[in-house]
Amino acid sequence: MTTRTPLRPLARILDARRKGENPDAIERENIRIRHEQMRDRARVRAEGRLLVLGVLFFIAFGTIGVRMGVLAGSEPSEPRAQATGASIIASRADITDRHGRILATNMETHSLYAHPQQMIEPLRAAKELKAIFPDLDEERMVKDFTDDKRKFLWVKKKISPEQMQAVHDIGEPGLLFGPREMRLYPNGALASHILGGASFGREGVHSAEVIGTAGIEKYFDAKLRDPAREGAPLELSIDLTIQAATERVLDSGMRLMNAKGAASVLMDVHTGEVIAIASLPDFDPNDRPRPPTEGSPSDSPLFNRAVQGVYELGSTFKIFAAAQAMELGLVRPDTVIDTRPPFKVGGHRIGEFDGHNYGEISVEQVIVKSSNRGTGKIALAIGIERQQDFLKSLGFFEPTGLEIVEAAGGKPLLPSRWTDLSSVTISYGHGLSSSPLHLAAAYSTIANGGHLVSPTLLKQHGPKIGPRVLSEQVSASARQMLRKVVSEGTASFGEVPGYHVGGKTGTADKPKEHGGGYYKDKVIATFASMFPAHDPKYVLVVTLDEPVETSGSKPRRTAGWTAVPVAAEMIGRIAPLLGLRPEYDMSDMTNVTLIRN
């Protein structure tokens with residue numbers, strides 16, 4: 001605290017009067033001293049402020065100088081708009097196949113809307129619009145256009161450039177256009193069940209939100225609309241060329257075999273990548289049909305038979321029982337199994353196809369000849385709990401997890417009570433229903449040396465080694481059995497020269513939708529294959545719904561006559577496209593004579 005000195009101190013005033021001095025001089029002197037002190041304090045304060053201001057200016061100009069230097073030394077770039085939470089995100093990333101070819105992209109178009117209160121000739125406008133858009137209701141438009149209370153209404157959410165020009169030629173000021181970005185699938189129905197489709201979400205006059213409605217579009221909806229990705233495409237494992245060839249062959253095979261529907265899965269056995277996956281009938285995602293409101297969902301083209309369809313896949317399951325028994329050390333490929341009747345389990349007689357009696361045969365021949373009794377006896381030796389654990393490890397208890405929303409609906413159907421009879425029937429593919437995709441993943445485990453495979457629609461970079469389920473030796477033995485099924489057994493029509501196909505057929509009676517039991521003349525025919533069998537690269541599963549081959553004297557429905565020829569034709573088409581060169585056994589080419597030109 002500063003002590004103020006009085007301008008007229010009493011002591012000094014009295015002393016000055018005694019001495020005869022003028023007391024006012026003391027006051028003037030004190031005023032002068034006080035003013036000098038005030039000037040000194042003001043000067044110090046001003047100097048401090050000037051110092052602070054100088055430092056601030058130095059920092060500011062220094063920062064600007066540094067920033068200018070950074071900008072001068074950097075590459076120029078376009079500014080990016082910042083998306084706000086309230087804005088409509090209209091942009092959507094492309095979807096491409098594994099080689100960068102477009103599967104789904106965006107196309108700029110326009111919407112058509114009306115301001116009725118600004119219309120001059122609403123009746124003529126309605127008539128002209130009806131001529132351009134035959135699907136519009138002219139009476140409804142007249143009612144809307146002449147309604148004094150209506151200020152705005154949509155006419156068409158998206159129109160072509162030609163339609164836009166035709167509407168423009170009407171010359172009606174109350175008809176207006178808004179910019180739109182719509183989803184376009186340039187390949188039409190190709191890979192439609194993978195892509196699914198998209199539609200408009202939130203809409204405004206100047207933009208509209210494009211959202212996924214099914215398939216991978218819906219599964220990765222947030223990722224495809226994320227501005228932070230800056231439009232980077234979503235790269236799939238699908239090969240567009242192979243997908244096209246697969247669908248073409250499958251469609252021809254479905255028609256030739258008079259099947260109700262068909263499905264196929266082509267998978268890389270080392271990465272789990274789905275190279276091609278098809279379900280027929282299909283649809284065009286550019287004009288996606290509405291879901292059915294009655295009848296069976298499988299009757300709709302929207303139903304994905306390869307993923308959602310869970311079927312009893314018949315004898316394709318037999319190799320799992322043989323492989324597990326070999327892994328447990330219960331049998332070897334040459335172990336003899338007595339398949340002679342009778343064989344009863346839980347009071348039920350286990351028979352063979354067409355009443356065959358294969359006698360005493362090896363485990364390998366059980367697979368080659370597709371013996372129900374032989375497989376059932378192997379399953380009983382394995383036991384219920386170990387069988388359950390093995391099938392669960394192969395993924396037969398849960399949905400596949402494929403990156404499309406429909407995959408969650410493809411959960412296998414398991415028996416409510418897993419008895420000895422269940423164990424036997426499941427060993428040859430009855431009593432447990434799963435999808436063709438489940439089967440492809442399980443066969444890939446056998447094909448790649450015993451490692452579990454997780455199916456994926458996203459392009460992978462290098463093998464994905466999963467947990468080991470089977471030893472390399474057991475996997476090799478199982479592959480040899482599957483090769484003999486084609487070269488000597490029920491899948492002889494599956495032989496493709498140069499590619500050494502291995503696989504297993506499966507023909508399962510189709511269960512009735514209501515009332516229980518099975519149809520006598522309707523089957524699900526499946527062929528699960530791998531190629532080349534000695535060093536498999538790919539697994540192919542082909543499934544036909546209610547096929548009937550009619551070239552013979554009587555109709556034939558088994559997989560050997562239906563699914564196998566379709567799969568063989570497919571392998572012959574796609575194997576060269578996959579870069580696999582045919583390998584021929586020169587010892588078999590006895591009729592070839594080498595000559596010199």
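All values below come from the heavy atoms of this structure, side chains included, with hydrogens, waters and symmetry mates left out.
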Using only heavy-atom distances, determine whether the side chains of R556 and S551 contain a donor-acceptor pair under 3.5 Å.
yes
Please tell me whether T96 and E235 have a donor and an acceptor in their side chains that are separated by less than 3.5 angstrom.
no
Which residue, T490, T562, T558, forms the side-chain hydrogen bond (donor to acceptor under 3.5 Å, both in side chains) with T505?
T490
For residues V363 and M481, determine if any side-chain heavy atom of one lies less than 4.5 Å from a side-chain heavy atom of the other.
yes
Would you find a donor on one side and an acceptor on the other, under 3.5 Å apart, between the side chain of R332 and the backbone of D334?
no
Below 30° counts as parallel, above 60° as perpendicular, anything between as tilted: where do the rings of H438 and F396 land?
parallel
Using 0.5 Å steps for rounding, measure from the CG atom of L195 to the CZ atom of R288.
11.0 Å
side-chain hydrogen bond (donor to acceptor under 3.5 Å, both in side chains) with Y518: which of K510, K512, E312, H430?
E312
With rounding to the nearest 0.5 Å, note down the distance linking CD in E406 to NZ in K218.
8.5 Å
Give me the ring orientation class for H356 and F353: parallel if the planes are under 30° apart, tilted from 30 to 60°, perpendicular past 60°.
tilted
If only atom types and distance count, is the side chain of D97 paired as donor or acceptor with the main-chain N or O of R101 below 3.5 Å?
yes
Test item: P576 and L578 side chains (from C-beta on) under 4.5 Å apart, heavy atoms:
no
Smallest heavy-atom separation, A491 atom then V564 atom, equals O-CG1, 4.0 Å
